Amino acid sequence: MTKKLLLIDGNSLAFRAFYAMYQQLDRMVTPEGLHTNALVAFNNFLETIILPMQPDLALVAWDARSGKETFRGDLYAEYKSGRDKTPVEFKEQFLYLREMVEAHGLHNYEQIGLEADDIIGTLSRQGEAAGYDVFIITGDQDLTQLATDHVTVKITKKGVTQIEEYTPAHIQEKFGLTPEQIIDKKALTGDTSDNYPGVTKVGEKTALKLLTEYHDLDNLYAHVDEMKKSKMKENLIADKDVAYRAQKLATIITDADLEIGLTDLTYDGPKTKGLVELFETLHFKQALNKLKAHQLVDQDDTSVEAAEAESSNFHPVRELDDAAVATLATVDSFALQIDTTSDNYHTADLIAFAIGNDKVGYFASRDFSWFENDQLKALIENPAKKVRLFNAKEHWVLLHRLGLKLAGVDFDFMLVAYLLDTVGNDNVLATLASRFGAYLPEDEEVYGKGAKFAVPTDDQLLYNHLGHKAEVIDTLRDQAFADLEEHQQSHLYHDIELPLSFVLAKMEAQGFMVNEDRLSKMGQELDEKIAQLKDQIYQIAGEEFNINSTKQLGELLFEKMNLPVIKKTKTGYSTAVEVLEQLAPQAPIVSHILEYRQLAKIKSTYVDGLLAVVSPVDQKIHTRFLQTLTQTGRLSSVDPNLQNIPMRTEEGRKIRHAFVPSQPDYLIFGADYSQIELRVLAAITGDPNMKKAFMDDDDIHAETARAVFGLGPDEEVDANHRRTAKAVNFGIVYGISDFGLSKNLGISRKDAKEFIETYFREFPKIHDWMEQIKEQAHRDGFVETIEHRRRYLPEINSKNFNRRSFAERTAMNSPIQGSAADIIKIAMIKVNQAIEEQNLKAKMLVQVHDELVFECPQEELEQVRELVTSVMDSAVSLSVPLKVEDHSGPTWYEAK
DNA sequence: ACCCTCACG
DNA sequence: ACGTACGTGAGGGTG
């Protein structure tokens, strides 16, 4: 096989790398403040392009850093002038780029007086003469002039990992020119980016025409006099010197005097130690994990080819049969993957499943009647058989639908990946696996998406996909658990999130009974009111229009009626509630619009929306709680969202009348934490004044008002003072700013600032904690809850004020919101356990951040009340008491 | 697909 | 000078 020489244009590719990841600039910063976007992209490039090529010789050429004077500068003073200054964020990465090149086992080279092009040009000719196949990688089209039958020029398109290959044949096909003619084309046209001119008025098209006719520059000028009289001819003659100067500038040197030769370029693979050190310096966690996954860390000599093969070659996947089941029955641990036709696993159709482990191999089948097989069933239901999977809650529900009770789960990759890092988590196995250096196709690639969704008819194709998923899950377990341990998150995973996922699975499967008749009746009444309002609005407006269209509404209010524009949005006038409320006194139509909006929302989102998702099978609503979505550790709820059922207005709150117990003589029971976030704040800051208020069970907002407004203990707190104090307390929890508070309270920024200052004087430890947590965030790049739930803040050191400020507010808010989430999660696990142990009929139905909703038989009510409230208020031990309030009644309306 | 608006904690 | 309160999901309009 012909030996390979690889020549890389370092400057051009690094430049591309920087701009390919430019939008990530602020996200990719080490805690020390070094930008790494170009480094990340350059590393990707080296890994995906260089390693598979396995060259014998390799070099990365750089433009000389010092001594700008090349012969080109002498030839034309303006050469490459007028370029934008290189950004400092890019410059600071230069040094590490060279280190990265070395760690990957390639050589760096630069030489004063030469550009990278010339080094590449010279070595490419030397290599060719010595019988090598030469490959040049660059982002610069000029280098295509170097292409020959043995020299291929690869040019990166879009980013740095997609490549177009230029052979002489391809150049001919694409440009209609030979590589040599590329130079003469530039002689005629000049180069705007290098800032030198060619012949006046000659561009791409003309140059191509001329070269087709005359072949090259010398021949053209030899025959220029024979040309017909034209402006172009005059220009060619007048600019002859310019053209020849441009030709020299465009010609890459192929016979430079270099201080190195081919023998200095031997490539013998990446240097693992160097890579580990570099990746650690640069905080390249993914790249480090990938290295570890390839098991290259401690064995410097392991061949890269072997490691590559290991990561990309999966075990063969075989169709499940009796023999396989018999073998599986003997294993202690296995991976399981079930694929479905949609996200909503309550209703989705089952596609196929895979099961297996590293030792016995992986098996798949479309036939779900296998789950009636006693041996397979035992495997799933035996808690001693440890299961590894991706999304335990989903699998619990799917197996529950098949009549099985999933037990023994030890590794839920989706949960672990979420706990390790919530940022950029899309809950897709393929992307999360890639964080650990394991690669497999996404579902979309196998099934298609949207209207094109289709299950492959080819069994092997389908089985491979499922089997490979199972294998990736199986093999990533140890690394993922090691990372958890390193983050001190093993307890959070094993004792909170994993058990919680089964509590949630039960809640979802249980469902919340809905009285459809009641909902439909409300819908009819709403329709009548909405129709009336519509008529009134049209009448006042003097025309019909779509009230739901903010565009049309804006035109009516602000153009036809000339009402004052209070706020604008990106796309036009704002018609949000706070705007309309200000306009209402001036125009009677506005209050009608407000009422219309309110009712239309209730009708469309809640009446119609909920009716559409009531199961025809059991008349219940089965939401899905997303356990791995929020950045703070809260749950979210979808299809439908049961965490935003109306409460604040009476009209909306009536919707809750439709949420009823699933059996006669049952009640709905709700218990909620009172002021949990402020209590958490008092506990983690240890502020004595706030702690005292809670220990005395005072009205916290009134006490805050007393402190901020300097009222005596016997003085009365008026409603306005309390309202202000309440807003300040909210603001504190959100990571306060004077701007935000002033906007919320409608006061001046100066007054808001004073409130905040007074507040911090009265609650000094809260102030200290806020400062300390921001400092910690800047230092570590993340903040934590009481249970070590982590939130990374990639923008905490951003140069952009807004992004940085947002990250700082988040640093203050997330530990509070997240710790409150930790607490209710622990309470849910304990409540569920107690209900099971005491054989109660009560069922947990919904969690709404600080509230749990149950249904239970009337006669259990007192027992459940006692149990739930006591478990909730003792869920964790804080230096501040937790307080729980409860309500019950025939529907959710009364239970809050 | 994105924006705006609005429902909840 | 900058220009936002923290965390979510869903529906309707628009391009």
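In the text below, chain A, chain B and the rest are named by the order of the sequence lines, each starting its count at 1. Because the structure is a prediction, the values reported are computed rather than measured.
Going from the P atom of C/dT4 to that of B/dT5 covers 15 Å, rounded to whole Å. Rounded to whole Å, the C1' atom of B/dC6 lies 23 Å from the corresponding atom of C/dG3.
Searching all strands for a Watson-Crick or G-U wobble partner of B/dT5 with both distances below 3.5 Å returns C/dA10. With both pairing distances under 3.5 Å, C/dC2 is matched to nothing as a Watson-Crick or G-U wobble pair.
When distances run from any side-chain atom of A/Arg791 to the nucleotides B/dC8, B/dT5, C/dG7, the shortest one goes to C/dG7. Relative to the side chain of A/Thr605, the nucleotides B/dA7, C/dC6, C/dA10 differ in distance, and C/dA10 lies closest. The side chain of A/Lys743 sits closest to C/dA5 out of C/dG3, C/dA10, C/dA5. Side-chain proximity of A/Ser636 to the nucleotides C/dT8, B/dC4, C/dG13 is greatest for C/dT8. Nearest nucleotide to the side chain of A/Tyr734, out of B/dA7, B/dA1, B/dG9: B/dG9.
Not a single donor-acceptor contact under 3.5 angstrom links the side-chain atoms of A/Lys570 to the base of B/dC3.
Side-chain N/O atoms of A/Gln552 include one lying less than 4.0 angstrom from OP1 or OP2 on C/dT14. Side-chain nitrogen and oxygen atoms of A/Ser549 include at least one within less than 4.0 Å of the OP1 or OP2 phosphate oxygen of C/dT14. In this model, the phosphate group of C/dG13 is approached by a side-chain N or O of A/Asn548 to a distance below 4.0 Å at OP1 or OP2. Between A/Ser737 and the phosphate of C/dT4, there is no side-chain N or O to OP1/OP2 separation shorter than 4.0 Å. The side chain of A/Arg648 places an N or O atom within less than 4.0 Å of a non-bridging phosphate oxygen (OP1 or OP2) of B/dG9. One finds no side-chain N or O of A/Arg634 lying less than 4.0 angstrom from the OP1 or OP2 phosphate oxygen of C/dT8. Checking the phosphate oxygens (OP1, OP2) of C/dG7, no side-chain nitrogen or oxygen of A/Thr630 falls inside 4.0 Å. Within the 4.0 Å cut-off from OP1 or OP2 of B/dT5, at least one side-chain nitrogen or oxygen of A/Ser574 is found. One finds a side-chain N or O of A/Asn546 lying less than 4.0 angstrom from the OP1 or OP2 phosphate oxygen of C/dG13. Taking 4.0 angstrom as the limit, A/Lys551 places none of its side-chain polar atoms (N or O) nearer than this to OP1 or OP2 of C/dT14.
We find that CD of A/Glu578 is positioned 8 Å from P of B/dC6, with the value rounded to whole Å. What separates CD1 of A/Ile655 from P of B/dC8 is a distance of 11 Å, to the nearest Å. The separation between A/Gln817 atom CD and B/dG9 atom C1' is 8 Å, rounded to whole Å. Rounded to whole Å, the distance from NE2 on A/His849 to P on C/dC6 is 16 Å.
Base engagement by A/Ala727 is indicated by at least one non-hydrogen atom pair under 4.0 Å involving a base atom. Note on A/Leu629: only backbone sugar-phosphate atoms sit closer than 4.0 angstrom, heavy atoms only; bases stay farther off. Across all strands, A/Arg597 comes closer than 4.0 Å only to sugar-phosphate atoms, never to a base (heavy-atom distances). Among the atoms of the strands shown, only primed sugar atoms or phosphate atoms (P, OP1, OP2) are found under 4.0 Å from some heavy atom of A/Val638. Here A/Thr575 lies in heavy-atom contact (under 4.0 Å) with sugar-phosphate atoms only. Using a 4.0 Å heavy-atom distance criterion, A/Asp850 is classed as a sugar-phosphate-only contact. Within the 4.0 angstrom heavy-atom criterion, base atoms lie near A/Ile736.
A donor atom on one side chain and an acceptor atom on the other are not found under 3.5 Å apart for A/Tyr418 and A/Glu497. A/Thr891 and A/Glu894 share a donor-acceptor pair across their side chains, judged by distance under 3.5 Å alone.
For the pair A/Arg656 (side chain) and A/Pro646 (backbone), a donor-acceptor distance under 3.5 Å is present. A/Gln489 places a side-chain N or O within 3.5 Å of a backbone atom of A/His788 that can act as its donor or acceptor partner.
Once the 5.5 Å centre distance and the 30° plane angle are applied, the aromatic ring of A/Phe739 is found stacked with the base of C/dT4. For A/Phe801 and C/dC2, the ring-to-base geometry does not satisfy the stacking test (centroid distance below 5.5 Å, interplanar angle below 30°).
For the pair A/Arg865 and A/Phe669, the NZ or CZ position fails the cation-pi test of under 6.0 Å to the six-membered ring centre and within 45 degrees of the ring normal. A cation-pi arrangement is absent between A/Arg809 and A/Tyr734 under the rule of less than 6.0 angstrom and at most 45 degrees off the ring axis.
Taking the side chain as every heavy atom from C-beta outward, A/Val868 and A/Asp886 never approach each other to under 4.5 Å.
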